[in-house]
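These numbers come from the heavy atoms of this one structure, side chains and all, not from hydrogens, waters or symmetry mates. For this chain, numbers begin at 1 and follow the sequence in order. This is a predicted model, so every value here is computed, not measured.
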Amino acid sequence: MNEEKNINIEGESQEEKNEAQAAETQAQETENTQETLEQETSEEAQEEETKDPLDTALDEIAKLKDQLLRTVAEFENYKKRTLKEKAELILNGGEKTITAILPVLDDFERALADTHTDDPAAIKEGMDLIFKKFIKTLEGLGVQKIDTTDKDFDVDYHEAIAMVPGMGDDKKGKVIDCVQTGYMLNDKVIRHAKVAVGQ
């Protein structure tokens, strides 16, 4: 019985020795790893210190050159895309206007195709309706008539084609007659009104 206890005690102490040895080995390995890392770090630091400034500058130049080339390529792509969009806008920009005017064209075709009516009053009434529809369509697109009735002559809106003398002081510098109507598109003059002005 005493022998068994001695064996157990010796066995236990052997296990404890093994565990202590394993812990010591692991601590030594950790220490070795830390030393290796410190050596690598110090070697990298020494390499950086001993690295030629010319090499550092060349690396920086290479990075900047790459960045510049990428930026230029992006800008070229942007320019191509913008030019394509402009071309499409120029080709198809009038689509909205044409689409709005087509119903008026249809009305004209129907009026011309209707040959059964010889009544001038009915023809005039039909043309008047088409004209009003056309004016309403233009207004919907932002087109407005330039008003000339009893207005002062304004070079921004009017073009004088005649000066009418002897109209009196109250008509001096005023629009007497409108020879051709002017139009504006969204507050921009697209055709000046041709007018006769009192002198």
Participant: Can you check whether Asp150 reaches Lys174 side chain to side chain, under 4.5 Å on heavy atoms?
Facilitator: no
Participant: Kindly work out whether a path of hydrophobic side-chain contacts (I/L/V/M/F/W/Y, heavy atoms less than 4.5 Å apart) joins Val175 to Val155.
Facilitator: yes
Participant: Which heavy atom of Asp187 sits nearest a heavy atom of Gln144, and at what distance?
Facilitator: OD1-OE1, 4.3 Å
Participant: Taking C-beta and beyond as the side chain, do Val195 and Val179 meet within less than 4.5 Å on heavy atoms?
Facilitator: no
Participant: Kindly indicate whether the side chain of His192, heavy atoms from C-beta on, has any atom under 4.5 Å from the side chain of Gln180.
Facilitator: no
Participant: Looking at Thr181, is its backbone amide N or carbonyl O close enough to the side chain of Arg191 to form a donor-acceptor pair, meaning the two atoms are under 3.5 Å apart?
Facilitator: yes
Participant: First locate atom CG of Asn186, then atom CE of Met184, and finally report the distance between them rounded to the nearest 0.5 Å.
Facilitator: 9.0 Å
Participant: Locate the shortest heavy-atom distance separating Cys178 from Ala193; write the atom from each residue and the value.
Facilitator: SG-CB, 4.5 Å
Participant: Kindly compute the distance separating CG (Asp119) from CD (Glu125), expressed to the nearest 0.5 Å.
Facilitator: 9.5 Å
Participant: Nearest 0.5 Å please: distance from the NZ atom of Lys172 over to the CE atom of Met163.
Facilitator: 9.0 Å
Participant: Is the closest side-chain heavy-atom distance between Thr71 and Phe75 below 4.5 Å?
Facilitator: no
Participant: Check the pair Lys124 / Asp128 against salt bridge (Lys or Arg N to Asp or Glu O under 4.0 Å), numbers first and verdict last.
Facilitator: CA-CA 6 Å; Lys124 185 178 183 311; Asp128 192 42; 5.7 Å; no
Participant: Measure the shortest side-chain to side-chain distance between His158 and Thr148 over non-hydrogen atoms and say whether it is less than 4.5 angstrom.
Facilitator: yes
Participant: Carefully, step by step, assess Asp107 and Lys133 under the rule salt bridge (Lys or Arg N to Asp or Glu O under 4.0 Å).
Facilitator: CA-CA 9 Å; Asp107 289 347; Lys133 183 175 183 177; 3.0 Å; yes
Participant: Say you draw a straight line from CD1 of Ile161 to CG of Asp177; how long is it, rounded to the nearest 0.5 Å?
Facilitator: 8.5 Å
Participant: When you compare the side chain of Leu105 with that of Glu109, does any pair of heavy atoms fall below 4.5 Å?
Facilitator: yes
Participant: Over all heavy atoms of both residues, which pair between Gly198 and Ile176 is shortest? Give the atoms and the distance, please.
Facilitator: N-CG1, 3.3 Å
Participant: Hey, what do you get for CD1 (Ile101) to CG (Leu141), rounding to the nearest 0.5 Å?
Facilitator: 6.5 Å
Participant: Starting at CZ of Phe108, measure out to CZ of Phe134 and round the result to the nearest 0.5 Å.
Facilitator: 7.5 Å
Participant: If every non-hydrogen atom of Ala100 is compared with every non-hydrogen atom of Thr137, which pair is closest and at what distance?
Facilitator: O-CG2, 3.2 Å
Participant: With a 4.5 Å cut-off on side-chain heavy-atom distances among I, L, V, M, F, W and Y, is there a chain of contacts connecting Ile146 to Leu185?
Facilitator: no
Participant: Cluster question for you: counting only ILVMFWY and a side-chain heavy-atom cut-off of under 4.5 Å, with indirect links fine, are Ile130 and Leu138 together?
Facilitator: yes
Participant: Are Val143 and Val104 linked, directly or through intermediate hydrophobic residues, by side-chain heavy-atom contacts shorter than 4.5 Å (ILVMFWY only)?
Facilitator: yes
Participant: Decide yes or no for Lys151 and Tyr157: does some side-chain heavy atom of the first lie under 4.5 Å from some side-chain heavy atom of the second?
Facilitator: no
Participant: Decide yes or no on salt bridge (Lys or Arg N to Asp or Glu O under 4.0 Å) for Asp66 and Arg70, but give the supporting numbers first.
Facilitator: CA-CA 6 Å; Asp66 181 57; Arg70 289 177 189 275; 3.1 Å; yes
